[in-house]
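Structure first, then comments.
Proteins get letters first, then strands, A, B, ... in listed order; numbering begins at 1 in each. None of the values given here were measured: they were computed from a predicted structure. Worth knowing before you read on, the calculation uses all heavy atoms, side chains too, and leaves out hydrogens, waters and symmetry mates.
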Protein chains: 2
Amino acid sequence: MTNKEKQTEEIIAEAAREVFVEKGMAGARMQEIADKAGINKSLLHYYFRSKDKLFDFVFSKIMGKIGGMLQGIMQEGVSIEDKIGKFVDTYTDLLSKNPFLPNFIFGEITRNPDGLIKRFASADIKPNQLLDPLQRQLNKEGYTIHPHDFILNLLSMVIFPVVARPIVERIFFEGDHKAYKEYLLSRKLSIVDFVMKALQGYK
Amino acid sequence: MTNKEKQTEEIIAEAAREVFVEKGMAGARMQEIADKAGINKSLLHYYFRSKDKLFDFVFSKIMGKIGGMLQGIMQEGVSIEDKIGKFVDTYTDLLSKNPFLPNFIFGEITRNPDGLIKRFASADIKPNQLLDPLQRQLNKEGYTIHPHDFILNLLSMVIFPVVARPIVERIFFEGDHKAYKEYLLSRKLSIVDFVMKALQGYK
DNA sequence: ATTTGTATTGACCATTTGGTTAAACTCTTT
DNA sequence: AAAGAGTTTAACCAAATGGTCAATACAAAT
């Protein structure tokens with residue numbers, strides 16, 4: 001039945017997401033996905049014809065979700081500082097709950113860069129619709145920093161500490177995971193502060 | 001002969017480094033390493049007993065090299081601004097020549113975080129010897145920023161744009177690789193500028 | 001209850017892949 | 001040149017892995 005179909009497909013997709021995100025395309029095993037979904041391996045191929053197809057499905061879904069969040073934040077006509085704050089807040093929470101996500105995304109994008117164009121298209125993400133308004137806004141508020149630098153610095157400071165989690169956790173907090181997570185959340189304020197202080201220098 | 005042995009081992013290690021760094025542990029194939037080294041696959045196992053051992057050798061060597069560079073820069077008794085400048089310069093060049101390096105390192109460290117402790121020990125890296133002097137220096141020069149935030153922000157801005165290369169290259173430069181690379185180098189100044197401007201706010 | 005279409009499974013297959021082994025080659029030593 | 005140690009190769013192996021297929025369980029419709 002369609003209802004049952006939808007449910008099983010959902011269960012499989014979620015199991016696949018977890019395994020793919022943690023192990024990557026090459027490291028993921030169809031058997032492990034099947035086990036995690038509590039089904040037979042053949043059923044994976046019944047719903048999604050191949051590993052590639054399943055991966056594609058999972059990856060596109062993730063990209064769409066992330067891109068959508070970004071567009072939501074950036075499109076609102078609020079001040080630079082509020083945008084920064086909301087961006088840092090939203091993505092810090094997201095990454096805090098999905099620590100493997102950045103590594104997964106960048107790893108797979110590096111492995112197959114050509115897929116990016118297709119994915120942007122299918123997820124309906126239009127980068128220029130994010131960049132151009134930001135540039136105008138920076139101009140209008142009198143900041144001379146190039147928007148490429150601005151957005152990249154901001155993204156870096158939010159995402160990188162998650163990518164480098166094992167190192168940060170060990171070196172800064174002697175392996176204390178709780179301390180690391182608290183620090184990550186405390187960076188919400190810290191990053192906004194840092195960026196705003198830097199921006200003052202560009203006025 | 002020991003001379004010949006050394007030479008072949010070197011060739012193998014270099015081939016293995018290239019393949020491992022680009023494909024990761026799970027994605028790398030012993031056959032591909034053998035091909036790249038221009039030798040028989042059996043010879044890989046003759047020199048390095050297993051894929052794991054070979055990987056371990058390659059990874060430790062890389063970590064040692066990177067850690068060494070970092071220690072070299074940080075230990076010198078120069079001003080904060082000069083340290084930042086030298087750090088950004090050195091690592092931007094390194095990453096520009098080894099674009100797969102960050103993804104590789106963070107991917108593998110995420111895959112096997114426990115190996116980190118062992119690796120730091122064997123590469124003779126002592127994180128506190130880097131952090132403590134920096135903290136004192138920030139204090140002495142009157143900056144109130146926490147050294148964790150400072151060092152993480154700096155690392156982020158240098159490393160992240162390389163990790164996210166395919167995305168940056170596509171969105172910012174419509175896939176123009178040369179433009180991306182030039183931008184990466186131009187960030188040397190841009191980052192130092194940004195960080196110094198931010199630091200002014202912490203005085 | 002029987003049929004019919006869908007969902008699910010177990011057994012099986014072909015290929016890939018890390019690894020082994022015995023033979024062959026090379027180079028040095030005597 | 002013969003011996004011998006170290007180096008390199010081709011052939012092979014066992015396990016893992018993505019994928020197929022025929023058979024079965026299941027649910028709804030007749």
Self-check item: All pairs passing side-chain hydrogen bond (donor to acceptor under 3.5 Å, both in side chains) where residues 96-113 of chain A contributes a residue, at least two apart
Solution: A:Asn103-B:Thr110, A:Glu108-A:Arg111, A:Thr110-B:Asn103

Quiz prompt | side-chain hydrogen bond (donor to acceptor under 3.5 Å, both in side chains) contacts touching residues 152-173 of chain B (sequence neighbours left out) | solution = A:Arg187-B:Asn153, B:Glu169-B:His177

Exercise. Could you list the residues that satisfy side-chain contact (heavy atoms from CB on, under 4.5 Å) with B:Thr90, not counting sequence neighbours?
Key: B:Met69, B:Ile73, B:Lys86

Self-check item: Partner residues of B:Ser50 under the side-chain contact (heavy atoms from CB on, under 4.5 Å) criterion, sequence neighbours left out
Solution: B:Asp52, B:Lys53

Quiz item: Can you tell me if the side-chain N/O atoms of B:Tyr47 get under 4.0 Å from OP1 or OP2 in D:dT8?
Solution: yes

Quiz item: C:dA7 phosphate, OP1 or OP2: any side-chain N/O from A:Tyr46 under 4.0 angstrom?
Solution: yes

In whole Å, I'd like the distance from the [atom1] atom of [X] to the [atom2] atom of [N].
{"X": "B:Asp35", "N": "D:dT8", "atom1": "CG", "atom2": "P", "result": "16 Å"}
{"X": "A:His45", "N": "C:dA14", "atom1": "NE2", "atom2": "C1'", "result": "13 Å"}
{"X": "A:Ile12", "N": "C:dT8", "atom1": "CD1", "atom2": "C1'", "result": "10 Å"}
{"X": "B:Phe48", "N": "C:dT20", "atom1": "CZ", "atom2": "P", "result": "16 Å"}
{"X": "A:Leu54", "N": "D:dG19", "atom1": "CG", "atom2": "C1'", "result": "13 Å"}
{"X": "A:Glu9", "N": "C:dT8", "atom1": "CD", "atom2": "P", "result": "11 Å"}
{"X": "A:Ile39", "N": "C:dG10", "atom1": "CD1", "atom2": "P", "result": "12 Å"}
{"X": "A:Leu43", "N": "D:dT24", "atom1": "CG", "atom2": "P", "result": "18 Å"}

Please list, for nucleotides 12-15 of chain D, all pairs of protein and nucleotide N/O atoms separated by less than 3.5 Å.
none

Practice problem: Give the nucleotide from the list D:dT7, C:dG10, D:dG19 with an atom nearest to the side chain of A:Asn40. | Solution: C:dG10

Self-check item: Selection from D:dT9, C:dT9, C:dG18 that lies nearest to any side-chain heavy atom of B:Lys51
Solution: C:dG18

Quiz item: Are A:Lys188 and A:Asp93 within salt-bridge range, i.e. N to O under 4.0 Å?
Solution: yes

Quiz item: What residues, two or more places apart in sequence or in another chain, satisfy ring-ring contact (aromatic ring centres under 6.0 Å, His included) together with B:Phe194?
Solution: none

Self-check item: Donor-acceptor pair (no angle test) under 3.5 Å: A:Ser42 side chain, C:dG10 base
Solution: yes

Quiz item: Can you find a donor-acceptor N/O pair under 3.5 angstrom joining the side chain of B:Thr8 to the base of D:dT7?
Solution: no

Self-check item: Neighbours of DNA chain D within residues 22-31 of chain A, by heavy-atom distance under 4.0 Å
Solution: A:Ala28, A:Arg29, A:Met30

Quiz item: Which residue pairs pass the ring pair (Phe, Tyr, Trp, His ring centres under 6.0 Å) test with at least one member in residues 68-89 of chain A, sequence neighbours excluded?
Solution: A:Phe87-A:Tyr91

Quiz prompt | Side-chain donor-acceptor contact under 3.5 Å, A:Gln135 with A:Asn139 | solution = no

Quiz prompt | Residues forming a side-chain hydrogen bond (donor to acceptor under 3.5 Å, both in side chains) with B:Lys23, sequence neighbours excluded | solution = B:Glu32

